[in-house]
**Student:** 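Okay, here's the structure, questions in a sec.
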Amino acid sequence: MFTMGGGHWVRGIVDEIIKRGDERIVIHTGKTPSGPIHIGAEREQFICSAIQRELERRGIDSTFNFIIDSYDPIKSIPAGLTVPKGFEEELGKPLSAVPDPFGCHSSYAHHFAEEFIRCQPEFGLSPNIIYSHELYTKPEMKGAIKTVLMKLDQLKAIRRKYLHLPEEDGTADDWNPVMAVCEECGRIASMKREVIPNKIDSWDLEKDEITYTCSACGHKGQGKIRDLSLKLSWRVDWSAKWAVFRVTCEPAGKDHCVKDGAYDMGLEVCQEIFGYRGPLRVSYEWLTLGEHAMKTHKGITFTPMEWIKIAPPEALRHLILSADPMRHISFLPERIPDIVDNFDRLERIYYGIEAPPPTEDLEYLRDLYALCVKEKPHESAPARLPYRFAATIVQLEPILGSDKVIAKSVEYAARLHMKTSLSEYEASDVARRLSMASNWVSLYAPAQARFKLSTGALDIRISDETERKFVGSVAGLLERDLSESDLQNGIFETARTLGMEIGKAFAVLYRILIGSERGPRLAPLLLALDRDWVVERLRSAVQ
RNA sequence: GGGCCUGUAGCUCAGUACGGUAGAGCGAUGGGCUCUUAACCCAUUGGCCAAGGGUUCAAAUCCCUUCAGGCCCGCCA
């Protein structure tokens, strides 16, 4: 079918952003650090990053803020997280006030937020980080709280509309979005059975005074708005930030973007209560881990930190930015080699080494590649070590030693790209991929991608007469201490002389050594092993 | 109960805004390679486009209904 061209979908988003005519373009994203932050959250980050790059390409400057919702209460302890005894006592406190269960950061919020933030430069982004527990001490947020109290009736009416609450006469609605952190117990909500926020009881804007009752410990407190630790509840909190920062665009998960969902209500609150038009909505689908949605509280997660250990960050950008935001992405760590290969293919297409599939729009592919690399594309195609190769050769490290593994990999990458030597970047990229592949093999590789020397009792016996002769001859070759290439050639010649199919000949050796039909290049493998052991192994298989 | 998104080869997905005889990658199978670091090259295989109905000369694409999965309507990308 005829493709329209037109490049990457982010161009359309940027067109709309520009149409708004905002004085200053501010892109926002946010995340609650309620536990390990998984790679699903990167979808939002990458969309923002792509928007920012597209703006930059058009010569437009922008601000990219990442709000850490550290002031939200901790509502549960995520499954799989080991916490000190008595940690349940912390439930209901703001995440920024809960101690780090690992003891390495100043709070629970900081621990998980920092772990995520630390990875971001690796993925080619560096948003401004804003912790909401700090933000709420600022006069702008105090002002938003006052505005909310001033227009509370109007706000209640908006809320009732969105939550489809039964029409009431209005007097019974004691909802209030202003929450107070209890000065006695430090909680902002109680967590028995259900979440009950600490609402304020009374307020006097003239005198700047507020009273509240703690839903957890029952403490009754009072104080001035500027002194008390106050927070707005979710949907109002969101629009207050939009208004305070004059946000141009904030992507959000599809859960918030449904009709009458948090985004719809937030926009109306933003306009009616705070007098700001609100951001452009970009909604996106979730990433799933196989068939399951990633859920922090259920402990089903895969974090950016874990990604970096097993695969290049560009490959995650590619996985996410190549998909339409409204389609869900199903990720499984077992598929990492495919995912990395896909990125490598795009890279080769970008540099004209490989022809694009006939149905694909080249302009789109070029856009996409520029959005996937960490900074700017290299001047020429970098020589990459194929991930599958890496995943194979690292398994020889115990017998080859790491120096040899690296040397062979560098040599292979250079040969593939018809280079005589690798640049410093290329060589370090090869080393990185080897260590990633090594982690992947030990953590996630399916059985068929792994091999192990069969050192135990030999459980196969070669009965075919030709095969027996062949194996015997190879054992003889080994005893002659040949060079690598002579040995490799010798094996081929032996097979040919005996009239064996090459594939079958190799298969029989692999079966004896690693119990598989195929394996890593044979001569180096044989030479890396203890000679007498291999000879004995081969001979006993054909006895 | 109300609403949104998704369903295309064994797997992952393009193609749906603007209807014009089903595409890619991976896999599988076969072959080739003076010859394999699970490589590479070539070929083959593969699909009632979830199901049914409608509109049309023509539907994966537009409309209606049904089914399945995910999600929202209370905090949670």
Side-chain angles (χ1 to χ4, degrees), chain A residues 1-4 12 29-32 34-35 37-45 47 69 72-73 75-76 162-165 189 191 194-197 233-235 237 251-265 283-288 291-297 319 322-324 326-332 334-335 337-339 341-342 345 356-361 364 385-386 388-396 400 405 408-409 411-412 416 448-451 488-489 491-493 495-496 502-503 505-507 510 514 516-525:
Chain A
M1 196 191 186
F2 176 69
T3 43
M4 297 289 287
T29 154
K31 183 74 188 97
T32 305
S34 52
I37 302 178
H38 54 71
I39 53 171
E42 295 288 18
R43 195 164 197 175
E44 187 166 317
Q45 300 289 322
I47 290 171
D69 290 314
D72 291 11
K75 285 166 286 194
S76 65
Y162 281 93
L163 301 190
H164 308 287
L165 296 177
M191 290 294 143
E194 58 177 331
V195 182
I196 304 166
S233 69
W234 159 241
R235 292 180 180 205
D237 165 276
K254 56 96 175 277
D255 49 338
H256 296 316
C257 292
V258 290
K259 191 165 168 289
D260 292 346
Y263 218 111
D264 274 349
M265 178 174 148
S283 75
Y284 59 90
E285 254 285 359
W286 291 11
L287 242 90
T288 59
E291 298 177 340
H292 307 283
M294 293 202 207
K295 293 277 186 187
T296 302
H297 71 273
L319 177 71
S322 64
D324 185 286
M326 277 317 293
R327 302 196 72 115
H328 75 256
I329 296 174
S330 146
F331 165 73
L332 281 174
E334 296 92 287
R335 298 213 184 103
D338 272 346
I339 293 168
D341 282 355
N342 286 342
R345 186 176 310 115
T359 51
E360 287 280 13
D361 166 30
Y364 165 78
L385 183 69
R388 281 169 209 282
F389 174 97
T392 301
I393 199 165
V394 291
Q395 296 182 67
L396 287 175
L400 287 180
V405 166
K408 299 221 166 237
S409 300
E411 185 193 309
Y412 184 67
L416 276 184
Q448 75 222 25
R450 300 178 195 223
F451 67 84
Q488 186 84 11
N489 286 332
I491 296 169
F492 278 112
E493 267 164 39
R496 261 196 299 274
I502 299 297
F506 276 87
Y510 285 124
I514 60 175
S516 155
E517 294 291 307
R518 294 172 177 181
R521 192 178 166 88
L522 200 52
L525 174 64

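Proteins get letters first, then strands, A, B, ... in listed order; numbering begins at 1 in each.
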**Student:** Which base, if any, makes a Watson-Crick or G-U wobble pair with U45(B), both distances under 3.5 Å?
**Tutor:** G27(B)
**Student:** So, does Gln395(A) use its side chain to make a donor-acceptor pair with the main chain of Ala449(A) at under 3.5 Å?
**Tutor:** yes
**Student:** Is there a Watson-Crick or G-U wobble partner for C75(B) with both distances under 3.5 Å, and which nucleotide is it?
**Tutor:**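 With both distances under 3.5 Å required, C75(B) matches none.
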**Student:** To the nearest Å, give me how far apart CD (Glu411(A)) and P (U37(B)) are.
**Tutor:**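 After rounding, the reported distance stands at 11 Å.
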**Student:** For Glu44(A) and for Ile502(A), locate the closest nucleotide of RNA chain B by heavy-atom distance; then report the residue assigned to the nucleotide nearer the 5' terminus.
**Tutor:**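 The residue closer to the strand's 5' end, by nearest nucleotide, is Ile502(A).
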**Student:** Under 4.0 Å, counting only non-hydrogen atoms across every strand here, what does Arg345(A) touch: a base, just sugar-phosphate, or nothing?
**Tutor:** sugar-phosphate
**Student:** Taking atom C1' in both A9(B) and C26(B), compute the distance separating them and give it to the nearest angstrom.
**Tutor:** 12 Å
**Student:** Identify whether any heavy atom of Thr32(A) sits under 4.0 Å from a base atom; if not, whether one sits that close to sugar-phosphate; answer base, sugar-phosphate or nothing.
**Tutor:** nothing
**Student:** Please report, rounded to the nearest Å, how far the C1' atom of C5(B) is from the CZ atom of Arg43(A).
**Tutor:**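 These atoms are roughly 12 Å apart.
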**Student:** With side chains defined as the heavy atoms from C-beta onward, is the minimum distance between Met326(A) and Cys257(A) less than 4.5 Å?
**Tutor:** no
**Student:** Report the nucleotide, chosen from A39(B), G70(B), A77(B), that has the shortest atom-to-atom distance to any side-chain atom of Lys254(A).
**Tutor:**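 Out of A39(B), G70(B), A77(B), the nucleotide with an atom closest to Lys254(A)'s side chain is G70(B).
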**Student:** For the pair made of CG in Asp72(A) and P in C76(B), what is the distance, rounded to whole Å?
**Tutor:**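 The distance from CG of Asp72(A) to P of C76(B) comes to 7 Å, rounded to the nearest Å.
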**Student:** Rounded to whole angstrom, note down the C1' distance from U21(B) over to C4(B).
**Tutor:** 34 Å
**Student:** If C62(B) has a Watson-Crick or G-U wobble mate with both distances under 3.5 Å, name it; if not, just say none.
**Tutor:**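 Checking every strand shown, C62(B) finds its partner in G54(B), with both distances under 3.5 Å.
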**Student:** Taking the side chain of Leu396(A) as heavy atoms from C-beta outward, which of C76(B), U37(B), A38(B) is closest to it?
**Tutor:** U37(B)
**Student:** Could you give the distance separating C13(B) and G70(B) at their P atoms, to the nearest angstrom?
**Tutor:**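 Approximately 16 Å lies between the P atom of G70(B) and that of C13(B).
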**Student:** Look through every strand shown and name the nucleotide pairing with A22(B) as Watson-Crick or G-U wobble, where both distances are under 3.5 Å.
**Tutor:**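 Across any shown strand, A22(B) pairs with none.
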**Student:** Rounded to whole angstrom units, what separation is found between the CG atom of Asp341(A) and the P atom of A39(B)?
**Tutor:**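 One finds 11 Å between P of A39(B) and CG of Asp341(A), rounded.
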**Student:** Can you tell if the side chain of Val394(A) reaches within under 4.5 Å of the side chain of Ser409(A), non-hydrogen atoms only?
**Tutor:** no
**Student:** Of the candidate nucleotides U37(B), C26(B), C71(B), which contains the atom at the shortest distance from the side chain of Lys408(A)?
**Tutor:**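 Taking heavy atoms from C-beta onward, the closest nucleotide is U37(B).
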**Student:** Quick one: CG on Leu522(A) to CD1 on Ile491(A), what's the gap to the nearest 0.5 Å?
**Tutor:** 4.5 Å
**Student:** Just the rounded figure in Å: distance from P of G74(B) to CZ of Arg235(A).
**Tutor:** 6 Å
**Student:** Can you identify which nucleotide, out of A77(B), G25(B), C75(B), has its nearest atom closest to the Asn342(A) side chain?
**Tutor:** G25(B)
**Student:** Can you tell me, in whole Å, how much space there is between the P of U55(B) and that of A14(B)?
**Tutor:**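 My reading of the P atoms in U55(B) and A14(B) gives 31 Å.
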**Student:** Just so I know, are the side chains of His256(A) and Trp234(A) near enough to count as touching, which here means a heavy-atom distance under 4.5 Å?
**Tutor:**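 When only atoms from C-beta onward are counted, Trp234(A) and His256(A) do touch, with a gap below 4.5 Å.
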**Student:** To the side chain of Thr392(A), which of C26(B), A38(B), A77(B) is closest?
**Tutor:**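 Closest of the options to the side chain of Thr392(A): A38(B).
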**Student:** How would you label the contact of Glu42(A) with the nucleic acid (heavy atoms, under 4.0 Å): base, sugar-phosphate, or nothing?
**Tutor:** nothing
**Student:** Between U12(B) and A17(B), how far apart are the two C1' atoms, rounded to whole Å?
**Tutor:**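 My reading of the C1' atoms in U12(B) and A17(B) gives 25 Å.
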**Student:** Trp234(A) side chain: which of C26(B), A39(B), C76(B) is closest?
**Tutor:** C76(B)
**Student:** Rounded to whole angstroms, how far apart are CZ on Arg388(A) and P on U37(B)?
**Tutor:** 16 Å
**Student:** Please report the distance separating the C1' of G7(B) from the corresponding atom of U16(B), rounded so that it comes out in whole Å.
**Tutor:** 13 Å
**Student:** How should the glycosidic conformation of A17(B) be described, syn or anti, under the criterion that syn lies within 90° of 0?
**Tutor:**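 You should classify A17(B) as syn.
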**Student:** Reckon Lys31(A) touches a base, only the sugar-phosphate, or nothing at all at heavy-atom distances under 4.0 Å?
**Tutor:** sugar-phosphate
**Student:** Pick base, sugar-phosphate or nothing for Arg327(A), based on heavy-atom distances below 4.0 Å to the nucleic acid.
**Tutor:**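 Base: the residue Arg327(A), judged by heavy atoms under 4.0 Å, touches a nucleobase.
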**Student:** Counting only side-chain heavy atoms from C-beta out, which of C5(B), C26(B), U37(B) sits nearest to Ile393(A)?
**Tutor:**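 In terms of side-chain proximity for Ile393(A), the closest of C5(B), C26(B), U37(B) is U37(B).
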**Student:** Quick check for you: among U37(B), G25(B), C13(B), whose closest atom lies nearest to any side-chain atom of Ser330(A)?
**Tutor:** C13(B)
**Student:** Applying a 4.0 Å non-hydrogen cut-off, can you work out what Leu287(A) is touching in the nucleic acid: base, sugar-phosphate, or nothing?
**Tutor:** base
**Student:** Is C11(B) syn or is it anti, if syn means the base angle is within 90 degrees of 0?
**Tutor:**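 The base of C11(B) is oriented anti (glycosidic angle more than 90° from 0).
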**Student:** Starting at atom CG of Leu319(A), determine the distance to atom P of U12(B), rounded to an integer number of angstrom.
**Tutor:**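 Spelled out: CG on Leu319(A) to P on U12(B) is 13 Å.
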**Student:** Say whether, by atom type as modelled, one donor and one acceptor occur between the side chain of Tyr510(A) and the main chain of Pro520(A) under 3.5 angstrom.
**Tutor:**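 Yes, the answer is positive, given that a donor and an acceptor are paired below the 3.5 Å cut-off.
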**Student:** Kindly state whether the pair Phe389(A) / A39(B) counts as stacked, where counting means centroids closer than 5.5 Å and planes tilted less than 30° apart.
**Tutor:**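 Taking the rule of under 5.5 Å and under 30°, the ring of Phe389(A) does not stack on A39(B).
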**Student:** Looking at C11(B), A38(B), C72(B), which one has an atom nearest to any side-chain atom of Arg335(A)?
**Tutor:** C11(B)
**Student:** Taking a pair as Watson-Crick or G-U wobble with both distances under 3.5 Å, which nucleotide is matched to G7(B)?
**Tutor:**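 In the structure as shown, G7(B) has C67(B) as its Watson-Crick or wobble partner.
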**Student:** How far does the P atom of A22(B) sit from the matching atom of A38(B), given to the nearest Å?
**Tutor:**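 One P to the other, the span is 38 Å.
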**Student:** Between Pro520(A) and Ile329(A), which is nearer to the 5' end of RNA chain B once each is assigned its nearest nucleotide?
**Tutor:** Ile329(A)
**Student:** Indicate, with a heavy-atom threshold strictly under 4.0 Å, whether His256(A) touches base, sugar-phosphate, or nothing.
**Tutor:**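 Sugar-phosphate, no base atom in range.
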**Student:** Distance-only, no hydrogens or angles: does the Glu44(A) side chain make a donor-acceptor pair with backbone N or O of Gly30(A) under 3.5 Å?
**Tutor:** yes
**Student:** Rounding to a whole Å, what distance do you find between Leu522(A):CG and A38(B):P?
**Tutor:**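 It is 13 Å, rounded to the nearest whole Å.
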**Student:** Considering only the C1' atoms, how many Å lie between C18(B) and G53(B), rounded to the nearest integer?
**Tutor:** 25 Å
**Student:** If you only use heavy atoms from C-beta on, which nucleotide in A39(B), C76(B), C26(B) is closest to the side chain of Asp338(A)?
**Tutor:** C26(B)
**Student:** I need the single residue from Arg327(A), Lys254(A), Arg43(A) that forms a side-chain hydrogen bond (donor to acceptor under 3.5 Å, both in side chains) with Glu285(A). Which is it?
**Tutor:** Lys254(A)
**Student:** I need the Gln45(A) CD to Ile37(A) CD1 distance, nearest 0.5 Å.
**Tutor:**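 If we round to the nearest 0.5 Å, Gln45(A):CD and Ile37(A):CD1 are 9.0 Å apart.
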